[in-house]
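Computed from a prediction, not measured in an experiment: that's the story for all the values here. Basis for what follows: all heavy atoms, side chains included, without hydrogens, waters or symmetry-related copies. Each chain gets a letter, A, B and so on, in the order the sequences are listed, and its residues count up from 1.
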Number of protein chains: 2
Amino acid sequence: MNDRKQHVINTAHQLFVEKGFQATSIQDILDYSSISKGTFYNYFSSKNELLMAIFRDIQKKFEHERNELLVGKDPADIEVFINQMVLQVKTHRATNLIPLYEEVLFLNDVELKKFIGNIQIRLLRWVYERLNDIFGESNKPYLLDGAIMFTAILHHNLKYERMANRLNSSPERVVRYSVNRLVILMNDVNSTGEQLLPPEILEEWSPSCHKKDKTYHEKLTLEIMSLKKELVKDKDLEKYVELLDFVQEELLQSDNKRPFVVESALAAIEIYFGKDKLQRLRSFIQ
Amino acid sequence: MNDRKQHVINTAHQLFVEKGFQATSIQDILDYSSISKGTFYNYFSSKNELLMAIFRDIQKKFEHERNELLVGKDPADIEVFINQMVLQVKTHRATNLIPLYEEVLFLNDVELKKFIGNIQIRLLRWVYERLNDIFGESNKPYLLDGAIMFTAILHHNLKYERMANRLNSSPERVVRYSVNRLVILMNDVNSTGEQLLPPEILEEWSPSCHKKDKTYHEKLTLEIMSLKKELVKDKDLEKYVELLDFVQEELLQSDNKRPFVVESALAAIEIYFGKDKLQRLRSFIQ
DNA sequence: GCTTTTTTTGTACTGAGGGTATAATATATG
DNA sequence: CATATATTATACCCTCAGTACAAAAAAAGC
């Protein structure tokens, strides 16, 4: 992406955080990023399109960081989950994501709404899958309910805890408290057998998100990590890290839209590792 | 209130429900309620002011109905609480209140935000006080946490249950499910002693809302009800019911802004009941 | 019934804000 | 140096909230 364009995204994001989306006029963005209106509409077809670009930008970085926390750890370890949720809270707070999401939901822009809706469901689904790691198959019928109630409790607790403690707000404490409640709730619904929503409904809600199953995801991440560890410190280290990260990212996308670019990256990586060692990585391509 | 003005409020509310607040232009409201712009701005100083009028209108009716459900019942009976929550959900859905609230929170209007914020806190406080009735003093340190988590769980469950079941959505089922979770959570925090937020903080959040304490509220409601029951069916029945309702409503307001009107109403009521029987009711005036 | 006051209406206006069009200018590329 | 692309400045259109004000209609007072 263009440096200039990225600069506009950053400036606009900052303005949106400070003043809100609607309260920030295009003129504000023009002034603060020192570009002309013509250039702006050359980069983005509308103010909404700019907002989506910002969302995509943040989301990408965040999901990457979140998955890094899982690498090499036991997925069933609830401490890892807590760390991931703390990261999420901090990212959201730093980027003011939640308020922006909520603001946008009332903007009468169908496309934008669908976009946000998808992100929300994706987040819910991620929590669901993590709960699956943690609580196991025996709790499966209650995992969606658990995911919904956990995110609910966490969000509200965060909101009010912040209102109460202002500057001394402690996300860690709230996350821990909320996770403790989750554990109790899961025990309870498991023993009483009360189910509100069947987990299968998630499939309906994630349109065409035939996301790779958890196993695939984890195995790939581990494979990439192990390859990274083999890299010795030399002048090309950065290059190979970049290549590996790119391959991982592309393969984790649900749509395999740039197969040839991936192939070229693999070819470049092969120069370092040799054909044999790359065999396993290649097997991840469908 | 003026009939015409009330008509504008109703029409506007309907339009806001259908199209959303921002998407409804003043011109729309003018067209649908057949008034001129001049008249509109004679009634309301701005579009936001109109929205607040709508909120006040709904809120008043709703709180009245909600309190009626409590009259003559045991406040500690959780079934009564469930009924009240079901009423709330249905009112909110029928009036599209929640979406309107949320939309407004991102309108960069300080006054409007404060207004909504107060309503939310008031609702939270009401739940807190009801939980106090139900779970008693021994749970007091955890009642605010409970109120926060219960409203969180309920809202999220409602949202997703509706997404799943569309037309077959059953608020009763969701309320019951959520109340069951609440009971478990209260047991849990009581036994582990984990507290997130101290209930005292509520005082800070309800600015100048030196609401009459629960006892006052209940006693007054009971007194009014018992007087109503004494009314025999005669031509003046309606008149006295109206008078009693008015007195109750006025006295439940935190600010006693129309003492003389209340006094005149009491005088009128006295004609039916006589000075003695009205003694108790009069004692409710500070 | 007539006068005065209040309410309502119609019309025209202001200003902010999103978005378009385009000719002129600057910058990069070959 | 020439050509293609990116950028700028300026002027413009449209929608919408809110204002101003004189004319007309309706209420209220007597």
Side-chain angles (χ1 to χ4, degrees), chain A residues 1-55 100 103-116, chain B residues 1-55 100 103-116:
Chain A
M1 194 186 301
N2 193 341
D3 256 11
R4 233 171 130 75
K5 190 174 172 182
Q6 185 63 51
H7 175 241
V8 177
I9 289 182
N10 295 340
T11 312
H13 180 209
Q14 203 183 325
L15 285 170
F16 291 164
V17 168
E18 284 166 17
K19 310 172 56 172
F21 177 70
Q22 299 183 77
T24 303
S25 71
I26 296 217
Q27 197 54 51
D28 290 336
I29 299 167
L30 266 34
D31 294 344
Y32 276 80
S33 52
S34 304
I35 56 160
S36 73
K37 209 171 206 179
T39 307
F40 180 91
Y41 280 100
N42 183 25
Y43 290 155
F44 314 99
S45 64
S46 70
K47 199 183 168 188
N48 288 352
E49 198 63 44
L50 161 64
L51 186 61
M52 286 203 261
I54 293 176
F55 284 151
L100 278 176
E103 177 172 5
V104 162
L105 282 180
F106 302 97
L107 244 50
N108 251 52
D109 181 303
V110 183
E111 205 189 350
L112 209 42
K113 270 186 197 162
K114 210 187 289 177
F115 183 81
I116 302 290
Chain B
M1 194 186 304
N2 191 342
D3 257 9
R4 232 170 131 73
K5 191 173 172 182
Q6 184 63 51
H7 175 241
V8 177
I9 289 181
N10 295 341
T11 312
H13 181 208
Q14 203 182 325
L15 285 170
F16 290 164
V17 168
E18 284 165 17
K19 310 173 54 171
F21 176 70
Q22 299 182 77
T24 303
S25 70
I26 296 218
Q27 197 53 51
D28 290 336
I29 300 167
L30 267 35
D31 294 344
Y32 276 80
S33 51
S34 304
I35 57 160
S36 72
K37 207 170 210 177
T39 306
F40 180 91
Y41 280 100
N42 184 25
Y43 290 156
F44 314 99
S45 64
S46 70
K47 199 182 167 188
N48 288 350
E49 198 63 43
L50 160 64
L51 186 60
M52 287 203 261
I54 293 176
F55 284 151
L100 277 176
E103 178 171 6
V104 163
L105 282 180
F106 301 97
L107 244 50
N108 251 53
D109 181 301
V110 184
E111 207 189 349
L112 208 43
K113 271 185 197 163
K114 211 186 289 177
F115 183 82
I116 302 289

Task: Distance-minimising heavy-atom pair for L30(B) and S36(B) - done: CG-C, 4.1 Å
Open item on the list: I need the residues from residues 30-41 of chain B with at least one non-hydrogen atom less than 4.0 Å from DNA chain C; give them sorted by number, or say none.
Closed with: I35(B), S36(B), G38(B), T39(B)
- [ ] Taking only heavy atoms on the protein side, list every residue of residues 43-51 of chain A lying under 4.0 Å from any atom of DNA chain C, sorted numerically.
- [x] S46(A), K47(A)
Protein and nucleotides 26-28 of chain C: nitrogen or oxygen contacts under 3.5 angstrom:
none

Task: R4(B) side chain near dT8(C) phosphate (N/O to OP1/OP2, under 4.0 Å) - done: yes
Open item on the list: If I take atom NE2 from residue H13(B) and atom CD from residue E18(B), how far apart are they, to the nearest 0.5 angstrom?
Closed with: 10.0 Å
- [ ] Sequence neighbours left out, what passes side-chain hydrogen bond (donor to acceptor under 3.5 Å, both in side chains) with S46(B)? Give chain and number order.
- [x] none
- [ ] Please list residues of residues 10-17 of chain A whose heavy atoms come under 4.0 Å from any atom in DNA chain D, ordered by number; otherwise none.
- [x] none
Task: Whether D31(A) side chain and D28(A) backbone form a donor-acceptor pair below 3.5 Å - done: no
Open item on the list: Contact between T11(B) and F16(B) at the side-chain level, heavy atoms closer than 4.5 Å - yes or no?
Closed with: no
TODO: Using the side chain to side chain contact (heavy atoms under 4.5 Å, CB included) rule, pick out the option among L51(A), L50(A), L15(A), I54(A) that qualifies with F21(A).
DONE: L51(A)
Task: By salt bridge (charged side-chain N to carboxylate O under 4.0 Å, His left out) - contacts of E111(B) (at least two apart) - done: none
